[in-house]
**Student:** 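I'd like to ask you about the structure that follows.
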Amino acid sequence: MKLTILGGGGFRVPLVYGALLQDHAEGRVTRVVLHDLDAGRLSAVTRVLAEQAAGVPDAPEVSATTDLDEALRGADFVFSAIRVGGLEGRANDERVALAEGVLGQETVGAGGIAYGLRTVPVAVDIARRVARLAPDAWVINFTNPAGLVTEAMSRHLGDRVIGICDSPVGLGRRIARVLGVENPGEAWIDYVGLNHLGWVRGLRVAGRDELPRLLADPDLLGSFEEGKLFGTDWLRSLGAIPNEYLHYYYFNREAVRAYQQAEKTRGAFLHDQQARFYAEMKNPHAPALTVWDRTRAEREATYMAENRETAGAGERDEDDLSGGYEKVALALMRAIARDERTTLILNVRNRRTLSVLDTEAVIEVPCLVDANGAHPVTVDPLPDHATGLVCAVKAVEREVLAAAGSGSRATAVKAFALHPLVDSVNVARRLVEGYTEVHPGLAYLR
């Protein structure tokens, strides 16, 4: 079985390959093709993968190419993890937004819109090529903003594109851990929303919802990441546990101030950190896997550091430093390729799951997965405060898709202006001006 990884020179690709190395069942991935526009990055990651595979019998064969059509042709699965504009683009997204006093995070607010405007045209081109060159392939999208990009691709691939994110999985795992659930896989997580905009409203074990027990115990509630980040009083007021990215909404002013005062933005930090990694990898004698693992540990430990500092949440727990999206991706591929039925929280077309959104809107929700793909599970309606936020952000995503499709600058301004975290049409106009100046990839906006 052939797996093509787009963005194959990306830093997190070894996480995916490491998960593949642990899979020895029949019907597993036997060939991995890495695609990237940067041959140097491909070379560095290929070295890391070779060291990972050392001594592993029947390790999946790895090849690399800068030819997109060659990479896609004949693929069974396509894992899309591209970053249009690179980390320099992400740093520019943050810098332009913060100069206007609004959030520049890569998936939330102004930064997410800018990233989406750059990425959607490229993602749509990929979707069209997949439909032509590998019509039977399943596309697993991790490219951010994951929900928006998945929706753009679904207009050409239908249900054969599925978005994944490790954030809901990590949240459910943390809740299960503090509740003493021995096997988190046996818990049913009642989670619903959009990508990076969702809430856990229940966690059922053997048919019993254990979340009320957590919300009723301030000590227990304050003992894990989200309790420290949001505060126990606010979580009890919500009656739910929000995805960590909702900190940007609920504590927006504090988050913007913290990012403005930080020595470096997250994008600038990652840009410099990864530049050092790829530079070090040019030394043919460097221990590739050791260098990569050291860099990865630093990356995970500093994740959302400004938000945790604002909340006084302290350092991340060691158990939360292991990531997880590669495990979601592998579980999804197994379920489809082998009909190993499972339940995963995924980004899929709404159908009739959330009545406040139309059938084609991509949402993030528990899905039953089998050989025929991912099927969203019926969920209870969201409370009014969550419904309002979900509908507002989905409306913004639709304007981003419209702007990317038409090249309309006015529509791009509308997308920024309508976002809840951008509170001014004039700011929206200046953001579009700023982003088109620093991003050649936005030259299509007229």
Side-chain angles (χ1 to χ4, degrees), residues 97 101-116 144-151 163 165 167-168 171-172 189-202 211 215 226 229-231 233-256 259 304 307 310-311 345-350 353-366 376 379-402 414-425 427-428 431:
V102 296
L103 190 68
Q105 205 276 337
E106 70 165 337
T107 61
V108 177
I113 295 172
Y115 190 23
N144 277 325
L148 170 64
V149 172
T150 301
E151 185 163 332
C165 181
S167 196
L171 174 56
I189 303 170
D190 178 7
Y191 180 96
V192 64
L194 306 180
N195 180 239
H196 290 179
L197 190 78
W199 297 261
V200 170
R201 305 176 300 176
L211 192 64
L215 292 170
E226 282 70 21
L229 193 61
F230 292 99
D233 289 345
W234 181 238
L235 295 185
R236 295 173 80 178
S237 294
L238 290 175
I241 312 297
N243 184 297
E244 59 198 344
Y245 283 82
L246 274 153
H247 192 267
Y248 294 115
Y249 290 89
Y250 295 146
F251 299 91
N252 179 251
R253 295 187 184 189
E254 294 83 356
V256 170
Y259 276 83
M304 291 189 77
N307 301 70
T310 295
I345 298 173
L346 300 166
N347 288 269
V348 296
R349 292 197 285 185
N350 178 45
T353 307
L354 280 179
S355 60
V356 295
L357 297 178
D358 62 76
T359 59
E360 301 303 303
V362 166
I363 62 173
E364 194 167 73
V365 69
V379 296
D380 292 332
L382 285 164
D384 289 346
H385 68 86
T387 295
L389 201 49
V390 163
C391 289
V393 172
K394 179 53 70 176
V396 170
E397 291 184 352
R398 290 289 170 75
E399 297 297 337
V400 172
L401 292 173
K414 186 178 178 184
F416 283 102
L418 291 178
H419 198 283
L421 302 184
V422 180
D423 56 359
S424 165
V425 174
V427 168
L431 286 168

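The analysis underlying the following values was restricted to heavy atoms, covering all of them including side chains, and did not include hydrogens, waters or symmetry mates. All residue numbers in this chain count up from 1 along the given sequence. None of these values were measured; they are calculated from a predicted model.
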**Student:** For the rings on Trp199 and Tyr191, is their centre-to-centre separation under 6.0 Å?
**Tutor:**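 They do not qualify: ring centres at least 6.0 Å apart.
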**Student:** Going by side chain to side chain contact (heavy atoms under 4.5 Å, CB included), Val192 matches just one of Val200, Val379, Ile345. Which one?
**Tutor:**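 Answer to the side chain to side chain contact (heavy atoms under 4.5 Å, CB included) test with Val192 among Val200, Val379, Ile345: Val379.
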**Student:** For the CD atom of Glu106 and the CD1 atom of Ile113, what is their distance to the nearest 0.5 Å?
**Tutor:**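 The distance works out to 14.0 Å.
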**Student:** Regarding Glu151 and Lys394, does a basic nitrogen lie under 4.0 Å from an acidic carboxylate oxygen?
**Tutor:**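 Yes, charged N to carboxylate O under 4.0 Å.
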**Student:** Do Ser167 and Asn243 get their side chains close enough for a donor-acceptor pair, meaning under 3.5 Å?
**Tutor:**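 Looking only at side-chain atoms, Asn243 and Ser167 do form a donor-acceptor pair, the distance falling under 3.5 Å.
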**Student:** May I ask you to decide if Gly112's main-chain N or O and Thr107's side chain share a donor-acceptor pair within less than 3.5 Å?
**Tutor:**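 Side chain of Thr107 to backbone of Gly112: no pair is present.
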**Student:** So for atom NZ, which belongs to Lys414, do other residues, nucleotides or ligands contribute more than 12 heavy atoms lying within a distance under 6.0 Å?
**Tutor:** no
**Student:** Using side-chain heavy atoms (C-beta onward) and a distance below 4.5 Å, is Asn195 in contact with Glu364?
**Tutor:**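 A side-chain contact exists here, since the closest heavy-atom pair is under 4.5 Å.
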**Student:** Please give me the minimum heavy-atom distance between Ala114 and Phe416, naming the atom from each residue.
**Tutor:**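 Nearest heavy atoms, Ala114 then Phe416: N-CZ, 4.0 Å.
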**Student:** List the steps and the verdict of side-chain contact (heavy atoms from CB on, under 4.5 Å) for Ile241 and Leu211.
**Tutor:** CA-CA 9 Å; Ile241 312 297; Leu211 192 64; 3.9 Å; yes
**Student:** Keeping the roles fixed (side chain from Arg201, backbone from Ala240), state whether a donor-acceptor pair exists under 3.5 Å.
**Tutor:**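 No, the answer is negative, given that no donor and acceptor are paired below the 3.5 Å cut-off.
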**Student:** Given side-chain contact (heavy atoms from CB on, under 4.5 Å), test Asn347 with Val365 step by step and report yes or no.
**Tutor:** CA-CA 7 Å; Asn347 288 269; Val365 69; over 6 Å; no
**Student:** Minimum heavy-atom separation for Leu389 and Leu246, please, with both atom names.
**Tutor:** CD2-CD2, 3.7 Å
**Student:** Do Thr353 and Ile363 touch side chain to side chain, with heavy atoms closer than 4.5 Å?
**Tutor:** yes
**Student:** Give me the atom names and distance for the closest heavy-atom approach of Gly101 to Val256.
**Tutor:**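 Smallest heavy-atom distance, with atoms named: O-CG1, 3.7 Å.
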**Student:** Do Asn350 and Asp358 have side-chain heavy atoms sitting under 4.5 Å apart?
**Tutor:** no
**Student:** Working to the nearest 0.5 Å, report the span between CD of Glu226 and CG of Leu235.
**Tutor:**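 It is 8.5 Å, given to the nearest 0.5 Å.
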**Student:** Do you know the tightest heavy-atom contact between Pro376 and Val348?
**Tutor:**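 Closest approach of Pro376 to Val348, heavy atoms only: CB-CG2, 4.0 Å.
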**Student:** Any side-chain heavy atom of Pro420 sitting closer than 4.5 Å to one from Asn252?
**Tutor:**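 No, too far: nothing below the 4.5 Å cut-off.
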**Student:** Gly116 and Val400: which non-hydrogen atoms are nearest, and at how many Å?
**Tutor:**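 Of all heavy-atom pairs spanning Gly116 and Val400, the closest is C-CG1, 4.1 Å.
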**Student:** From Leu171 CG over to Ile189 CD1, what is the distance, rounded to the nearest 0.5 angstrom?
**Tutor:** 7.5 Å
**Student:** Is the shortest heavy-atom distance from the side chain of Asn144 to the side chain of Tyr115 under 4.5 Å?
**Tutor:**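 In contact.
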**Student:** Identify the heavy atoms of Leu357 and Cys391 that sit nearest to each other, and give their distance.
**Tutor:** CD2-SG, 4.3 Å
**Student:** Do the rings of His247 and Phe251 sit parallel, tilted or perpendicular, given the 30° and 60° boundaries?
**Tutor:**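 Rings of His247 and Phe251: parallel, as their planes differ by under 30°.
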**Student:** Calculate, to the nearest 0.5 Å, the distance between atoms CG and CG belonging to Leu148 and Leu194 respectively.
**Tutor:**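 Result: 10.5 Å between the selected atoms.
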**Student:** Within this structure, what is the NE2-OH distance for the pair His196 and Tyr249, rounded to the nearest 0.5 Å?
**Tutor:** 10.5 Å
